[in-house]
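Note on naming: letters A, B, ... go to the chains in the order of the sequence lines (proteins, then strands), and numbering restarts at 1 for each one.
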Amino acid sequence: MAQMTMIQAITDALRTELKNDENVLVFGEDVGVNGGVFRATEGLQKEFGVDRVFDTPLAESGIGGLAIGLSLQGFRPVPEIQFFGFVYEVMDSISGQLARMSYRSGGVYNAPVTIRSPFGGGVHTPEMHSDSLESLMTAQPGLTVVVPSTPYDAKGLLISSIRNDNPVIFLEHLKLYRSFREEVPEEAYEIPLGKADVKREGKDLTIIAYGLMVHESLKAAEELEKEGHSVEVIDLRTIQPIDIETIIASVEKTGRAIVVQEAQKQAGIAANVVAEITERAILSLEAPVLRVAAPDTVYPFPQAEGVWLPNYKDVMETAKKVLTF
Amino acid sequence: MGKKNNNIFDAKQTLTEIEDKFEMFQILNEEGEIINDEADPKLSDEELVELMTRMVYTRILDQRSISLNRQGRLGFYAPTAGQEASQLASHFALEKEDWILPGYRDVPQIVWHGLPLDKAFLFSRGHFMGNQVPEGVNVLAPQIIIGAQYIQAAGVALGIQKRGKKAVAVTYTGDGGSSQGDFYEGINFAGAFKSPAIFIVQNNQFAISTPRELQTAAKTIAQKGVAAGLPSILVDGMDALAVYVATRDARERAVNGEGPTLIETMCYRYGPHTMAGDDPTRYRTSDTDNEWAQKDPLVRFRKYLEAKGLWDEQKEEAVIERAKEEIKEAIKKADAAPKQKVTQLMENMYKGEMPSNLKEQYEIYKEKESK
C-alpha cells in the first residue's frame, strides 16, 4: 500500500476510473497539460489522451452544460469547477438542469455526472475561493453531496461517486489536500455514499462533523479525553443524504451531541442534523444539541480567517456546555 | 486629443464592414417566386408537399392548442403561428439521428421529430409522462430556462463527435435568448471544440414585450457568431426554402467535421408570448402585425406550390381535416393518461436507489395515495 495525500488519492481515483470505464471523461479549466491548479489531474491527459482528459474554455456554466450534454451521449463526465466559490456561475446547470434530469424526463434520461471542486478556508486565498457553499447543494433535491476528510475516504468515495448513476457534488477541502498522508490501497475500492464513519468511539458525547472539522473535532475529543470525557466523533462523509441511522444510534448511546461545521451557522448542514436528532431521539437527550459554526457574515478577508474559522477550541467550549448541562 | 492618424486601425469601420456583410438570405419572395435561383434546394415534389403539409398542420395545431387552452383543456402553451418556416423548414433539414434541444416554443419540431402529439399535450398540462420521450426519439423536453439548452447542445454535440457519429445537435432560442450568458458560452464551447452543433436563433422581434432593438446594439444577431468563430447566417425566417438551405448547409458542415453554425431566422410570432395572460397590444402595433402578415410563411409557400401545380384548396382541406382528427385523438389519449402521483415523481428523481431521506417520505406518500 502506498502513502498518499488526499490530492494524490483523488488523482489515483480518477486514474482508476478512467482505466475502468472508457465513458469516464475528465475536463475543466486547466486540467489538461497543467494537471489542474492543485494538480488533481496531474499526468492524466498524458496517460489517457486529450480526447478523455481535456481543457475547456473558461466558463463554469458552459462546463456544466457540457457535462449534461455529454451524459446524454452515454458518457460519465467528471468535470472540475476550479474553486467552489465559482459555483454561482454554474448554479442553473447544477440545480436547474443536472439535478432534474431524471425527474424532468420521467426517468428516461439520467445524468451520471460527478462535479469535483475544491473549497474550504484557512489557506489565505483571495475572495470567492474558500467559501463553504455546500448547503446550496444539499438544498437541491436530486443531488448527492460528498465531502471526504481523509485520503483513504477520498479515493473510495470518489470512485463510488463516479460509478453512481446520479449527479454527485464532490467537495474537496483545500486545507486537507496535502495536510497528511495515509495508506491508500492501489486497487479500486468503493465507500458507499450516504454512510457516515465513526472515527472514534465514546460514551459521553457525540460530535458530528464533516470535512476539515472532522480533524478539529478529533483533536477536541483527544483533549476532552484528557479531562475525563469519553467522546465519539462521527464523520458524515456524505452530507446529502445524511446517515441518520448512525447518528441516532450514537446519540441514543451518549445522550449528548454537538454538530460542527465550517460554514456559517445560518441554514447549514448542522441545523439539519440537529433537527433530525430532535425529531428522532429527543427522549434520549440529556442536553440541547448545540452547533459549532462560523459567524453569519460572508467568508472573511484572509486576515480575519484565523478567528472566524471554527477550531478545536471552539469545539471544546461547546462540548463542555453540553457535557455540563 | 491626438490628431487623426489614418494608420490607426479603424475599429468602427471594421464593425460596419462586418455588419454590412449580414444581408438577409432569401430564396422565395413574398409573392412565392424564386428570387435566388442558385440557392434553390430543388426539393422533390414530394418533399415540397410534405413541408407544406407540416406547416399547414402545425398552424392548425397552434389554433387548436390556443382554443383548448382557453377551454382549460391545455395548460402552458407558447403560440407558434408565424414561425412555421423557421421551425419546420429547419427541422426538415435534419435526420432522425440528430438531437434537438428545444426552447418552450419549439414543440412542433420535437413533434415532427417523433414525440407523440399526446405527449406534447401532456407536457402542456404538466404531466411528467409528456416528457417521457420514446426510445429512439432524440429530443429533450422543452427548456424553460432561456439559453440553458445552448450550453447543453454544445455538450451533446461534443458527445456525438466523441462517438464518431454522423449527426448534429440542434438547438433553438429566441432573440431574447441571444442576450443570455449561456448563449455565448454555448456557441463559444462548440466553436472551440469544433463540434457538430447548429444554433438557431428565431428572432421573432420581441422577448415577451422587449423589442429586439433593446436587446443588443448589434445590428444582427447572426453576427454574434463571428466573435465565437462560427460561420453565421441571417436568413428570412418566413421563407421555408431559405431556412431549409441554411440548416442543410450547416448540417453538412457539421457532419463533415467543420464545426458549428449560428443561424438567425427573422420571423414573427402572431400570437401572444404564452397563453398565460400576455397581451401583445401593449407592446406591438397592428401596423407591425399587418406588415409581418404580408410575409406569412404559409401564404408564400402555398403560392409557390400552387404555381407548380402541387397544391390546391382540396389538398389544404385534407391536411386540415387530418390535423383536426389527429389532434382530437391525441387529446383523447392524453385524457386517458393516469393521474400522476407524488410517489411517481419521487421514483423518477434518481436512477436506482432513492436516498434515505426520500425513501422515508416515499412510504408516507404511498400510504396517502393509497387512500
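Put simply, the side chain of B:Val133 does not reach to within 4.5 Å of the side chain of A:Ser105, judged on heavy atoms. Residues A:Gln97 and B:Gln143 meet the side-chain proximity criterion, which asks for heavy atoms closer than 4.5 Å. Side-chain contact between A:Asn110 and B:Tyr350 is absent, with no heavy-atom pair separated by less than 4.5 Å. B:Ser356 has its side chain out of reach of A:Asp243: every pair of non-hydrogen atoms, C-beta onward, lies at least 4.5 Å apart. Taking 4.5 Å as the limit, every side-chain heavy atom of A:Arg52 sits out of range of all side-chain heavy atoms of B:Lys162. Side-chain contact between A:Leu66 and B:Leu158: present, with at least one pair of heavy atoms (C-beta onward) separated by less than 4.5 Å. Two residues are said to be in side-chain contact when any heavy atoms from C-beta on lie closer than 4.5 Å; B:Lys351 and A:Asn164 fail this criterion. B:Met349 has its side chain out of reach of A:Ser102: every pair of non-hydrogen atoms, C-beta onward, lies at least 4.5 Å apart.
Environment of NZ in A:Lys253: crowded, with over 12 heavy atoms of neighbouring residues, nucleotides or ligands closer than 6.0 Å. Dense packing is recorded around CZ of B:Phe76, with more than 12 heavy atoms of other residues, nucleotides or ligands lying under 6.0 Å away. Counting non-hydrogen atoms of neighbouring residues, nucleotides and ligands closer than 6.0 angstrom, the CD atom of B:Gln361 exceeds 12 such neighbours. Around CD of B:Glu258, the count of heavy atoms belonging to other residues, nucleotides or ligands within 6.0 Å exceeds 12. In A:Tyr103, the OH atom is not crowded: 12 or fewer heavy atoms of neighbouring residues, nucleotides or ligands sit closer than 6.0 Å. The environment of CD in B:Glu353 is sparse: at most 12 heavy-atom neighbours from other residues, nucleotides or ligands sit within 6.0 Å.
The two residues A:Asp92 and B:Ala148 have their closest heavy-atom pair at OD2-CB, 3.5 Å. Minimum interatomic distance between A:Gln240 and B:Pro355 (heavy atoms only, all atoms of both residues): NE2-CB, 4.2 Å.
Heavy atoms closer than 4.5 Å to chain B are found nowhere in A:Ala67, neither backbone nor side chain. Contact annotation for A:Ser93: only side-chain heavy atoms (C-beta onward) come within less than 4.5 Å of a heavy atom of chain B. Heavy-atom distances place no part of B:Leu101 under 4.5 Å from chain A, backbone and side chain included. Heavy atoms of B:Glu185 lying under 4.5 Å from chain A belong exclusively to its side chain. Contact annotation for A:Asn272: neither backbone nor side-chain heavy atoms come within less than 4.5 Å of a heavy atom of chain B. Heavy-atom distances place no part of A:Leu98 under 4.5 Å from chain B, backbone and side chain included. Neither the backbone nor the side chain of B:Gln340 has a heavy atom closer than 4.5 Å to any heavy atom of chain A.
Under the 3.5 Å distance criterion, the side-chain polar atoms of B:Gln132 are matched with a main-chain donor or acceptor of A:Gly106.
Here the options are B:Asn131, B:Leu140, B:Ile144, the test is side chain to side chain contact (heavy atoms under 4.5 Å, CB included), and the partner is A:Arg104; only B:Asn131 passes.
Ranked by heavy-atom pairs under 4.5 Å with chain B, the list A:Glu276, A:Glu245, A:Met101, A:Arg280 is led by A:Arg280. Each of A:Ile242, A:Val108, A:Leu70 has some count of heavy-atom pairs under 4.5 Å with chain B, and the biggest count is that of A:Leu70.
For B:Phe193 and A:Phe54, the gap between ring centers is short of 6.0 Å.
In this structure, the separation between OG on A:Ser61 and CZ on B:Phe189 is 8.5 Å, given to the nearest 0.5 Å. The line from CD1 of B:Ile151 to CD1 of A:Ile68 is 6.5 Å long, rounded to the nearest 0.5 Å.
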